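Okay, structure first, notes after.
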Amino acid sequence: MIQALKSFSVRSLTVKGFKGFADETTFSFDDMNTITGHNGQGKTSIADAIAFAITGVPFYGGAKLDHLYCQNTRDILVDMEFTDETGAVRRLTRQRVNDNMDILLDGCRITQRDLTVMFMERDMFLSRHREYPCENRLPDGRRAERRRGQLFGP
């Protein structure tokens with residue numbers, strides 16, 4: 001039986017055929033992470049992949065998947081390993097092959113409705129997890145500005 005998660009933490013993310021990642025690429029995460037880089041390096045792709053695994057849409061919403069495909073393929077794989085609030089390690093895999101979508105949780109096929117129960121309704125999940133570092137403020141409360149994917153103070 002699928003139950004709602006109180007919290008979760010992404011441990012690793014593997015993508016293939018997703019946006020700029022034609023080949024299988026794995027990202028590993030710790031308890032606290034900062035993702036920085038120049039424009040076009042894949043920062044938003046990581047957020048899009050996590051959102052796609054959970055909701056079936058990119059991080060900023062929208063139903064069209066066309067911009068998620070890598071240039072020369074129509075097949076996408078996103079595999080997300082996460083821990084739940086009990087510390088149990090879980091694996092969520094969403095793949096689209098030949099225009100057919102499959103969602104697996106710990107190796108068992110599930111539906112988007114099951115994921116909605118686990119993680120909450122799509123729009124609520126996306127708005128709740130659309131956090132920016134310090135809400136564009138530095139630790140002392142001063143406003144920060146973005147340059148090349150990083151936050152800088154005045």
Side-chain angles (χ1 to χ4, degrees), residues 1-136 139 149-151:
M1 181 174 165
I2 302 289
Q3 295 183 347
L5 295 176
K6 293 178 184 170
S7 65
F8 73 98
S9 178
V10 176
R11 294 172 49 129
S12 70
L13 182 70
T14 300
V15 294
K16 182 178 180 187
F18 190 86
K19 293 183 83 171
F21 301 100
D23 298 324
E24 188 171 295
T25 305
T26 300
F27 303 93
S28 297
F29 303 103
D30 291 321
D31 291 335
M32 181 69 76
N33 299 278
T34 301
I35 300 170
T36 64
H38 295 286
N39 290 339
Q41 298 297 303
K43 298 178 305 293
T44 303
S45 295
I46 293 170
D48 280 339
I50 293 169
F52 177 71
I54 294 170
T55 68
V57 298
F59 187 63
Y60 290 105
K64 292 188 177 185
L65 299 179
D66 290 343
H67 76 280
L68 297 181
Y69 294 110
C70 191
Q71 187 174 9
N72 295 321
T73 184
R74 296 286 293 171
D75 297 343
I76 296 175
L77 168 72
V78 176
D79 184 66
M80 183 178 84
E81 185 179 85
F82 66 97
T83 55
D84 63 19
E85 68 269 7
T86 69
V89 177
R90 314 289 303 271
R91 181 171 300 283
L92 175 62
T93 305
R94 184 182 292 261
Q95 59 185 19
R96 185 174 171 95
V97 178
N98 296 324
D99 293 326
N100 293 315
M101 188 79 72
D102 284 318
I103 309 168
L104 303 173
L105 179 65
D106 301 328
C108 298
R109 189 170 296 206
I110 62 170
T111 66
Q112 185 60 51
R113 183 174 292 154
D114 294 327
L115 290 177
T116 299
V117 169
M118 283 184 74
F119 292 97
M120 74 182 63
E121 189 271 326
R122 177 187 74 193
D123 292 337
M124 185 67 111
F125 176 86
L126 293 173
S127 66
R128 182 173 183 194
H129 292 87
R130 193 173 291 143
E131 297 175 6
Y132 296 98
C134 303
E135 296 179 357
N136 291 332
Q150 300 180 33
L151 287 177

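Each residue takes its place number in the sequence, starting with 1. These numbers were taken from a predicted model, which means no experiment stands behind them.
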* For residues Q112 and I54, report the shortest heavy-atom separation together with the two atoms involved. => NE2-O, 3.1 Å

* Structure fact -> When rounded to the nearest 0.5 Å, the distance separating CZ of R74 from CG of L68 is 10.5 Å

* To do: Show your working on side-chain contact (heavy atoms from CB on, under 4.5 Å) between K16 and T73 and close with a plain yes or no.
  => CA-CA 10 Å; K16 182 178 180 187; T73 184; over 6 Å; no

* Close side-chain approach of P58 to F52, heavy-atom, < 4.5 Å -> no

* For D48 and K19, what are the C-alpha separation, side-chain angles and deciding distance, and is it a salt bridge (charged side-chain N to carboxylate O under 4.0 Å, His left out)? -> CA-CA 9 Å; D48 280 339; K19 293 183 83 171; 2.6 Å; yes

* To do: Specify the closest pair of heavy atoms between L92 and F119, including all atoms of both residues, with the distance to one decimal.
  => CD2-CE1, 4.4 Å

* Distance in Å, L13 CG paired with E81 CD, rounded so as to fall on 0.5 Å steps -> 10.5 Å

* **Criterion side-chain contact (heavy atoms from CB on, under 4.5 Å) on T93 and L77, from CA distance to verdict** => CA-CA 7 Å; T93 305; L77 168 72; 3.6 Å; yes

* Atom CD1 in I50, atom OG in S45: separation rounded to 0.5 Å? -> 11.0 Å

* **Beyond-backbone contact of D75 with R96, side-chain heavy atoms, under 4.5 angstrom** => no

* To do: Applying salt bridge (charged side-chain N to carboxylate O under 4.0 Å, His left out), run through K6 and E85 and close with a yes or a no.
  => CA-CA 6 Å; K6 293 178 184 170; E85 68 269 7; 5.7 Å; no

* Pairwise side-chain contact, V15 with E24, heavy-atom cut-off 4.5 Å (strictly under) -> no

* Asked: Are R91 and D106 ion-paired here, with the side-chain N under 4.0 Å from a carboxylate O?
  -> no

* Structure fact -> What one should report as the nearest heavy-atom pair of F21 and C70 is C-SG, 4.1 Å

* Could you label the plane-to-plane angle of the F82 and F8 rings as parallel, tilted or perpendicular, counting under 30° as parallel and over 60° as perpendicular? => perpendicular

* Asked: Do T111 and T116 have side-chain heavy atoms sitting under 4.5 Å apart?
  -> no

* Asked: Any salt bridge between D102 and R109, counting N to O under 4.0 Å?
  -> yes

* Any side-chain heavy atom of I76 within less than 4.5 Å of one from Q95? -> no

* Whether D84 side chain and T86 backbone form a donor-acceptor pair below 3.5 Å -> yes

* Asked: Yes or no on side-chain contact (heavy atoms from CB on, under 4.5 Å) for Q3 and M118, after CA distance, side-chain angles and deciding distance?
  -> CA-CA 6 Å; Q3 295 183 347; M118 283 184 74; over 6 Å; no

* Contact check, side chains of T14 and T25, non-hydrogen atoms, under 4.5 Å -> no

* Would a 4.5 Å heavy-atom cut-off, applied to side chains only, mark L105 and D114 as touching? -> no

* Asked: To the nearest 0.5 Å, what is the distance between CD1 (I103) and CZ (R113)?
  -> 12.0 Å

* Asked: Does a side-chain heavy-atom distance below 4.5 Å link T83 with V10?
  -> no

* Should we say atom CD of Q71 is surrounded by more than 12 heavy atoms from elsewhere, each under 6.0 Å from it? -> no

* Asked: Is it true that atom CG of D99 has more than 12 heavy atoms of other residues, nucleotides or ligands lying nearer than 6.0 Å?
  -> yes

* **Heavy-atom closest pair, residues V78 and A49** => CG1-O, 3.3 Å

